[in-house]
Amino acid sequence: METQLTTKQAAIVKNYLRNKPRILVLYGAVRSGKTFLAVFLFLMCVRAHINENLKFIIGGVSQTTIAMNVLSMIEEMLNIEIRLDKYNRFEMYGNQIICYGGSDASSWKAVRGFTANGALMNEATALHDTFVKEVITRCSGEDSRIIMDTNPDNPSHPVKKHYIDNNGQKLANGRVNIEAHHFTIFDNEVLNHEYIESMIMTTPTGMFTDRNIYGKWVSAEGAIYQDFNNDNFISQAQIDKTEFIRVFAGVDWGYAHKGVMVVWGVDSHGVRYRIEEFVYRHKDVDAFWVDVALSIKNKYGSIPFYCDPARPEYIAKLLKKGINAHRAQNLVMHGISIMGTLYKSNKALVNRDSCEGFLEEIYSYQYA
């Protein structure tokens with residue numbers, strides 16, 4: 001496995017081989033090289049036990065993210081094709097690698113009942129804390145290694161409090177138990193200066209710049225969408241003149257708090273338009289929201305409705321009425337970051353004449 005490492009990555013590898021930490025956390029900015037290094041070190045750990053028929057764990061938000069973030073990288077590094085069996089396992093270096101999604105509270109149950117000799121946890125802050133703890137518990141084999149990579153989150157996040165803040169912690173025998181390394185986007189020497197400059201210019205200021213560029217663990221203080229301004233507004237007349245290549249709806253269920261159905265359009269340049277919205281409190285799904293969805297379908301055709309997955313029974317009601325309903329990804333911070341970037345680059349425009357609910361909250365919206 002011959003791989004060109006950045007200066008930062010090479011230094012961490014040297015440090016890792018010297019200290020042999022039981023738990024390694026690589027955290028910081030996006031595109032900084034931390035995930036690549038985590039996968040590289042995980043492969044080293046598996047290869048160190050070649051043909052020993054041991055078990056190793058790969059954890060991620062879902063099987064899809066594991067495939068995209070980790071398995072595709074392994075395939076490229078080793079020039080192999082990975083095929084998972086029906087239990088999401090594959091063989092590598094004469095050992096068994098088992099993949100688990102770990103984003104919800106019950107995910108840890110799937111990991112029970114066996115001994116592992118190591119684990120790689122991708123996007124650790126997006127994994128449930130009980131899953132992270134259970135994976136670490138499973139890694140009880142001799143010289144087991146746990147490797148995590150993650151972007152920063154709230155400073156009170158368990159990954160920071162339990163692991164990163166304990167950087168340098170040692171076991172009674174002197175072995176390093178926890179070692180953590182911080183990355184900024186500037187640590188990735190492969191990225192060209194224009195790309196980095198563009199990232200800085202298009203990343204929302206405040207929290208997202210601190211986290212995504214500089215890898216800082218900062219709180220979401222103040223208004224989230226600080227870059228939203230009058231340039232993000234568009235009139236109904238302009239909407240009427242726009243040709244959309246794609247239209248879809250977003251659904252956030254509510255009763256005591258506001259329920260929302262929003263229609264979005266995308267033009268050929270990738271600009272998103274918030275065309276219209278329906279915002280109401282104290283409305284039932286059967287008696288109200290189903291009819292709203294049907295009216296949207298009658299107007300725009302059988303467009304997809306991406307719904308908050310917290311209420312699958314509500315999604316089932318839409319499906320029963322012929323609505324093209326889907327479970328949306330519920331990664332709040334990821335969604336906020338995407339929208340913040342779109343607003344900053346004027347790639348998301350809002351119909352001033354038909355989005356009163358949005359106008360009431362955009363300037364004060366906070367993430368707790």
Side-chain angles (χ1 to χ4, degrees), residues 61-62 64 103-104 224-225 228 232-340 342-343 346-365 367:
V61 173
S62 65
T64 300
S103 62
D104 59 58
I224 289 296
Y225 296 123
F228 186 90
N232 295 114
F233 287 120
I234 192 170
S235 68
Q236 182 64 54
Q238 291 171 297
I239 291 281
D240 293 338
K241 296 176 183 177
T242 303
E243 183 176 347
F244 299 113
I245 62 171
R246 181 176 174 233
V247 178
F248 59 94
V251 181
D252 188 18
W253 307 111
Y255 189 81
H257 69 277
K258 294 176 182 177
V260 183
M261 283 190 180
V262 180
V263 180
W264 286 87
V266 184
D267 69 14
S268 59
H269 301 289
V271 179
R272 276 76 166 171
Y273 298 78
R274 189 180 179 106
I275 300 173
E276 62 177 323
E277 65 179 28
F278 302 85
V279 183
Y280 296 94
R281 280 194 176 97
H282 306 120
K283 298 294 184 180
D284 294 321
V285 174
D286 291 309
F288 183 79
W289 287 113
V290 167
D291 289 338
V292 172
L294 287 171
S295 71
I296 293 173
K297 178 183 177 182
N298 290 337
K299 185 174 181 179
Y300 298 98
S302 187
I303 64 173
F305 284 67
Y306 297 103
C307 308
D308 179 359
R311 301 305 296 265
E313 69 275 21
Y314 290 176
I315 299 175
K317 291 177 184 293
L318 294 185
L319 289 169
K320 188 175 181 180
K321 292 294 184 177
I323 304 299
N324 184 14
H326 304 268
R327 291 167 60 97
Q329 290 190 2
N330 206 18
L331 302 175
V332 178
M333 291 306 298
H334 180 62
I336 290 174
S337 178
I338 289 175
M339 290 308 302
L342 290 172
Y343 288 137
N346 288 325
K347 290 288 188 178
L349 304 178
V350 177
N351 186 347
R352 185 194 297 271
D353 302 320
S354 183
C355 294
E356 291 84 358
F358 175 88
L359 296 177
E360 289 177 3
E361 298 190 5
I362 183 60
Y363 293 113
S364 60
Y365 177 55
Y367 179 71

Under the rule for side chain to side chain donor-acceptor pair (under 3.5 Å), what residues qualify as partners of [X], not counting sequence neighbours?
X: Glu313; value: Arg311
X: Asn298; value: none
X: Ser235; value: Gln238
X: Asn346; value: Asn232

Minimal non-hydrogen separation, Pro309 against Pro312, with atom names: O-CD, 3.5 Å
Name all pairs fulfilling the salt bridge (charged side-chain N to carboxylate O under 4.0 Å, His left out) condition that reach into [range], sequence neighbours left out, sorted by first residue then second.
range: residues 293-310; value: Glu276-Lys299
range: residues 248-260; value: Lys258-Glu360, Lys258-Glu361
range: residues 264-274; value: Arg274-Glu277
range: residues 314-330; value: Asp286-Lys317

Partner set under side-chain contact (heavy atoms from CB on, under 4.5 Å) for Ala249, not counting sequence neighbours: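 Only Ile303, Phe305 meet the side-chain contact (heavy atoms from CB on, under 4.5 Å) criterion with Ala249.
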Set of salt bridge (charged side-chain N to carboxylate O under 4.0 Å, His left out) partners for Arg246, sequence neighbours left out: none
Sequence-distant partners of Glu243, salt bridge (charged side-chain N to carboxylate O under 4.0 Å, His left out), two or more places apart: none
Worked check of side-chain contact (heavy atoms from CB on, under 4.5 Å) between Tyr306 and Trp264: CA-CA 11 Å; Tyr306 297 103; Trp264 286 87; over 6 Å; no
Qualifying residues under ring-ring contact (aromatic ring centres under 6.0 Å, His included), relative to Phe288, sequence neighbours excluded: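 Phe288: ring-ring contact (aromatic ring centres under 6.0 Å, His included) contacts with Tyr280.
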